[in-house]
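Working notes for the structure below.
To find a chain, count down the sequence lines: A is the first, B the second, and so on, and within it residues start at 1.
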Amino acid sequence: MSELADHVESAVLIDHHVHGCWSAQGDAGDRIRFESALNEADTAPVTEVGAGFDSQVGVAVRAHCAPLLDLERHVGADEYLTRRTALGETEVSRRFLQAAGVSDWLVDTGFSAGLVDTGELTAASGGSTHEVVRLEEVAEQAAAAPGDYAEAFDEILGERAAGAVATKSVLAYRGGFAGDLGDPPPALVDIAAQRWREAGGTRLTDRILLRFGLHRALRLGKPLQFHVGFGDRDCDLYAANPLLLNDFLRSSGDTPVMLLHCYPYEREAGYLAQAHRNVYLDGGLSITHLGARATSFVGRLLELAPFRKILYSSDGAGPAEFHYLGARLWRSGMTRVLDGFVADGEWSAADAMHVVDLIAHENARRIYRL
Amino acid sequence: MSELADHVESAVLIDHHVHGCWSAQGDAGDRIRFESALNEADTAPVTEVGAGFDSQVGVAVRAHCAPLLDLERHVGADEYLTRRTALGETEVSRRFLQAAGVSDWLVDTGFSAGLVDTGELTAASGGSTHEVVRLEEVAEQAAAAPGDYAEAFDEILGERAAGAVATKSVLAYRGGFAGDLGDPPPALVDIAAQRWREAGGTRLTDRILLRFGLHRALRLGKPLQFHVGFGDRDCDLYAANPLLLNDFLRSSGDTPVMLLHCYPYEREAGYLAQAHRNVYLDGGLSITHLGARATSFVGRLLELAPFRKILYSSDGAGPAEFHYLGARLWRSGMTRVLDGFVADGEWSAADAMHVVDLIAHENARRIYRL
Amino acid sequence: MSELADHVESAVLIDHHVHGCWSAQGDAGDRIRFESALNEADTAPVTEVGAGFDSQVGVAVRAHCAPLLDLERHVGADEYLTRRTALGETEVSRRFLQAAGVSDWLVDTGFSAGLVDTGELTAASGGSTHEVVRLEEVAEQAAAAPGDYAEAFDEILGERAAGAVATKSVLAYRGGFAGDLGDPPPALVDIAAQRWREAGGTRLTDRILLRFGLHRALRLGKPLQFHVGFGDRDCDLYAANPLLLNDFLRSSGDTPVMLLHCYPYEREAGYLAQAHRNVYLDGGLSITHLGARATSFVGRLLELAPFRKILYSSDGAGPAEFHYLGARLWRSGMTRVLDGFVADGEWSAADAMHVVDLIAHENARRIYRL
């Protein structure tokens, strides 16, 4: 193995956007659940057996995860699931989390059904965990609180953010990025909050209140993560083009803004990271689901974005295979892309190792002040 | 040759979206006609001799088609056309159609000027043919029929579809995908039909009637093919982004929807194929015109789309070179991309051969019930 | 070196869109100025030392430019800048300009602060220079002139264009391409001109007057260059998608329209070059800033655009490193991409050398009548 490959393999990662893995309460061998998880975009359960495995991530699980369960690479799906059942979720999770080579997990706790909490993730992985607060969840808590909505939002955000490292917005799932994203006037916030409370105060889609939350997060100053591009079908991918955030970013001040996932807009996101000093990007989730095609995607992440503006994440949620595959495919992809740069004489091996360190952990450590 | 390469070379193809090749009535050596066909997007005849050959598909014709006319690879354009004239259109077509390795041709009969019909295509190719009914043609027939438009449409669609395997929409050429694509109320259909009939009832561009046709096709339940992305200049490529179909697809039920061509939106189309259980895609037409760059495109088709959702087509129309090149370039591209996956240890050779079979014919056989 | 590689290395280039390099008045070793130039999109000066070098173009400077300053490839940034200071701007420029292998520079003179003029560029490079007139600058001159705006515009454009080879529009920086780009009626032009003059007549953003200028340029008939896609943050990248120019291009007649830079819309631009007989494209600026990733981009430029429709430019402005790197990275990228086509049997080496000549200089010589 080249010195560069070895460097990438041993690089300690900070996974700056992730969720919990499945808790031990679920059935580790539940085939429908497992195959359904292999399809990110379709939210309904798989109905054809094998359909989940007929995908890049399905092939990647059989290639890269099987050996960690003591199976041969490329083992059949049946055999994989049988072994998974035999080991049980706790042991499966332990193996994958520890093999990821992650020192710090920044956990978006806004999606948690059936998943371990941060304490369990720490215990199973041996790494540290830090919380990322979802703004739309803060909004729901403010809607349920007594008194003025804006004051309640500020108080809840202040309390929760005190122990957290970042905030997160799922605006991409709540109408997307098109239109005015300016800070709304207080009177409009009051009216919108009253209307939303009367409607039950769940699943925030009101644009005024979404915008209000974003600007409160900017004012807070901790890094603000945005879901961008690829996600499940509730997301309107057309309106999740990060270029639509341009005006918002122009007025976002110094608060770091993190563009997550980004597929198929990773080149657009790279431009934004070059244009705006406080903008960063990653390719989490996308890398996992691209499997053998992740290398090509990793290459495109290394275009216009300055190298101090790119981070690593897995966006793993559910099967701990994803917490591992994000790392496994990022490492392989980086090695292939950077080996190519070096073989072509475009980069020195030292350049490559420096950029690996920036993306693996240095940028995240600096931005999140870990 | 590797076992995988051999497997790809010998895979029987179902070409699920194609047109006729040129009929014997044309002049096989008509240089203007031939060079003009090498430019898909510009609809006016080529005026500079050689301009058509100065393109990826022009180089691909000289590389891959020449040997089938008993010429050397990379032969000059003049020599190629001289030989084409000497053999005549019938013999040229016979050679290319048979060399494509296609068992079944699904023929969009909505564009037929100067082309052979399905009977002639069967005879020349030795393969089976099946009809794809163009919805806008059904609309024109309904406009010309007596009585209620909607009833006439239903009756004509029912009759024509009884002997056909699919329907096809060229909405991309009639204003594109932006805006409301819901099922229009009958009263609006009546008014729009009356207005269109009064205007002559040709080249349907009325949005109400276009939407009406789409929803009738959904109700019919046979696969509905959509022209997406790359085509001639009558298509507004900006409005042919398949992500604009998202709301339509969300409400499209179980009817298979096939996204054709897709360039430069193949990654967006792949996302839709993952998000919607009834959505499929191909790279026909694009692969042919990309020539040496087809490999890169074939790779991008293998990203988010589950492998049971990808099909093969050539979209050949006119020179039978295109019916062959679609297959030739797809096979070479698949072999290079999959060989890469296997060499990297990402896929097993068995994985690769399985996916080749799905795309080459298994998916089409299942979806079209051939 | 293969015959093909040798052919690419020795191909004489016409750089059909470029600006001056830094004049000798500046400080050749000004680190803030140099690092800031390595970030195209962010217009504010770099504040973190080293941030500019942590980018593709920063690594490319150390890899490819260092040897021309008698340093080793991949030398450190400090050493590079020390050597640059010692040589001085004049000597640095002389070396890079002459090493670019450019016979003719087509200079957009609309951006000139701190840059050499065309006479100095001729002297330093040994190549010929030709002027490209920026339409928005003509507009500002017309606003400052007495009498009727439209008449003044025509007179100034006529005078300046007489000695120039092309016009240039920065519409991408003045609101982008969305919306009506038709020729505005004279009465509206009068009103808009009066309003703009009253407002001071600087930095034209009025859509009526911008459209007026474009149509005057079409009528002039000399090639009209458009900034497309990637640029600094004043450009709204979302609205700089060239597909939004489709209607304008449909009615643009015979005047050659040149789409510049194009990232990340190079595939869309290639489609337009195929669809419209008078449309051309290049990848200038983008290639430079993509560094080791330029090869991938150069490949994408060779997709749908006919080969008589692709040109070379560097868009160099400021450090003469950029005038050289555009050529250096284009040559390396072309060699790698074309070597791949030949190795795959898709192209003959003769095909490749023919296309190199078209893009390097033949197309530009024909279109600009040099």
**Message:** In the structure I gave you, are the side-chain heavy atoms of Thr47(B) and Arg277(C) within less than 4.5 Å of one another anywhere?
**Reply:** yes
**Request:** Check whether more than 12 heavy atoms from other residues, nucleotides or ligands sit under 6.0 Å from atom CD of Glu9(C), and answer yes or no.
**Result:** yes
**Complete:** Distance col, row Leu304(C):CG vs Ser55(B):OG, nearest 0.5 angstrom, shows 10.0 Å
**Asked** Can you name the closest pair of heavy atoms from Gly345(C) and Ala63(B) and give their distance?
**Response** O-CB, 4.3 Å
**Request:** Heavy-atom distances under 4.5 Å only: say whether Leu358(C) touches chain B with side chain, backbone, both or neither.
**Result:** side chain
**Complete:** Turns out that what part of Ala51(B) lies under 4.5 Å from chain C's heavy atoms comes down to both
**Complete:** When every non-hydrogen atom of Asp54(B) is compared with those of Arg308(C), the smallest separation belongs to OD2-NE, 2.7 Å
**Asked** Quick one: are Phe341(C) and Val59(B) in side-chain contact, heavy atoms under 4.5 Å?
**Response** no
**Message:** The test is side chain to side chain contact (heavy atoms under 4.5 Å, CB included); show your working for His276(C) and Asp42(B) and say whether it passes.
**Reply:** CA-CA 6 Å; His276(C) 302 282; Asp42(B) 189 354; over 6 Å; no
**Message:** Please determine whether a side-chain nitrogen of the Lys or Arg among Arg267(C) and Glu266(B) lies less than 4.0 Å from a carboxylate oxygen of the Asp or Glu.
**Reply:** yes
**Asked** Considering all heavy atoms of both residues, which atom of Glu346(C) and which atom of Ala292(B) are nearest to each other, and what is their separation?
**Response** CB-CB, 3.7 Å
**Complete:** Of all heavy-atom pairs linking Asp351(C) and His74(B), the shortest is OD2-ND1, 4.0 Å
**Message:** Between Arg233(B) and Asn246(C) (side chain of the first, backbone of the second, donor and acceptor by atom type, cut-off under 3.5 Å), is there such a pair?
**Reply:** no
**Request:** Ignoring hydrogens and angles, tell me if any N or O in the side chain of Arg73(B) forms a donor-acceptor pair with the backbone of Trp347(C) under 3.5 Å.
**Result:** no
**Request:** Count the heavy atoms belonging to other residues, nucleotides or ligands that lie under 6.0 Å from CG of Asp254(C), then report whether that count exceeds 12.
**Result:** no
**Prompt:** Which heavy-atom pair separates Leu302(C) from Gln56(B) by the least distance, and what is that distance?
**Reply:** O-NE2, 2.7 Å
**Prompt:** Using non-hydrogen atoms only, which part of Asp232(B) is less than 4.5 Å away from chain C: side chain, backbone, both, or neither?
**Reply:** backbone
**Request:** Measure the shortest side-chain to side-chain distance between Gln274(C) and Phe230(B) over non-hydrogen atoms and say whether it is less than 4.5 angstrom.
**Result:** yes
**Item:** Under 4.5 Å from any heavy atom of chain C - which part of Thr295(B)
**Value:** neither
**Ala294(B), part contacting chain C, at a heavy-atom distance under 4.5 Å** = neither
**Closest approach of Ala41(B) to Tyr271(C) (non-hydrogen atoms, all atoms of both residues)** = CB-CE1, 3.9 Å
**Message:** Given heavy-atom pairs under 4.5 angstrom as the criterion, report whether the side chain, backbone, both or neither of Tyr263(B) touches chain C.
**Reply:** side chain
**Fill in**
Most contact-rich option vs chain B, by heavy-atom pairs under 4.5 angstrom, among Asp344(C), Val355(C), Val337(C), is Asp344(C)
**Request:** Determine, stepwise, if the pair His289(B) / Glu303(C) fulfils side-chain hydrogen bond (donor to acceptor under 3.5 Å, both in side chains).
**Result:** CA-CA 8 Å; His289(B) 285 272; Glu303(C) 298 197 345; over 6 Å; no
**Request:** Under 4.5 Å heavy-atom distance to chain C, tell me which part of Val57(B) shows up: side chain, backbone, both or neither.
**Result:** neither
**Contact listing (chain B partner; residues 237-245 of chain C; heavy atom under 4.5 Å)** = Tyr238(C), Asn241(C), Leu243(C), Leu244(C)
**Request:** Output the residues of residues 169-182 of chain C for which the shortest heavy-atom distance to chain B is under 4.5 Å, in residue-number order; output 'none' if no such residue exists.
**Result:** none
